[in-house]
Amino acid sequence: MLSNFIAWLFATFAIAPLQAEIEQYAAAANLPVEIVQQSRTCLSSQIPLLVQRASQDSYWTVTTIVGVATGWSDPAELLDKSNPACAAVIGLIENKAASAT
């Protein structure tokens, strides 16, 4: 029961902002269909792993939720840089952040 609640909190305050950031960037940049598909593939492979970790490591979950919700952590940091589908998306998000500063 508690793990379900933690997973819900994690999904609401960490995964949802991550998905929103990717979708917002994709829409604003008029990204090619391939990149959008890669982002969906990345998320579909990463979300179950993140939820599993969230249900097993409450300290990591709480610090991640607080970090993402307050803006101290970038939601893109949750993605696996070694995953080929995620690497492209992470690169685009990092380029967006670099150009914004």
Side-chain angles (χ1 to χ4, degrees):
M1 169 104 162
L2 182 60
S3 65
N4 289 341
F5 180 68
I6 290 172
W8 175 81
L9 283 174
F10 185 73
T12 302
F13 293 104
I15 293 177
L18 175 62
Q19 289 176 316
E21 182 175 349
I22 291 171
E23 290 172 8
Q24 177 185 19
Y25 181 69
N30 292 324
L31 295 176
V33 175
E34 295 82 17
I35 300 287
V36 174
Q37 183 58 38
Q38 282 183 340
S39 71
R40 290 183 183 141
T41 302
C42 171
L43 289 175
S44 67
S45 67
Q46 293 298 295
I47 288 174
L49 298 173
L50 292 169
V51 169
Q52 179 182 6
R53 181 172 181 189
S55 67
Q56 295 173 346
D57 186 350
S58 57
Y59 177 78
W60 176 82
T61 304
V62 170
T63 57
T64 300
I65 289 171
V66 170
V68 171
T70 59
W72 292 338
S73 299
D74 184 4
E77 293 173 2
L78 297 171
L79 300 176
D80 181 7
K81 291 184 179 186
S82 65
N83 182 331
C86 294
V89 175
I90 292 168
L92 291 171
I93 292 171
E94 288 175 349
N95 288 339
K96 174 191 158 211
S99 66
T101 56

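The chain is numbered in sequence order, starting from 1.
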* Pairwise distance OG1(T70) to CD1(I65) - rounded to 0.5 angstrom -> 11.5 Å
* Mind listing the closest non-hydrogen atom pair of S55 and Q52 along with its distance? => OG-O, 2.8 Å
* To do: Supply the atom-to-atom distance I90 CD1 to D74 CG, rounded to the nearest 0.5 angstrom.
  => 9.5 Å
* Asked: So if you build clusters from Ile, Leu, Val, Met, Phe, Trp, Tyr with side-chain heavy-atom gaps below 4.5 Å, do V62 and W8 land together?
  -> no
* Minimal non-hydrogen separation, F10 against V51, with atom names -> CE2-N, 4.3 Å
* What closest approach, in Å, do A14 and V68 show between heavy atoms, and which atom pair accounts for it? -> CA-CG1, 4.1 Å
Contacts table for residues 41-50: side-chain donor-acceptor under 3.5 angstrom, sequence neighbours left out:
residue	atom	partner	partner atom	Å
T41	OG1	Q37	O	3.0
S44	OG	R40	O	3.2
S44	OG	T41	O	3.0
S45	OG	T41	O	3.3
S45	OG	C42	O	2.9
S45	OG	N83	ND2	3.1
Q46	OE1	D80	N	3.3

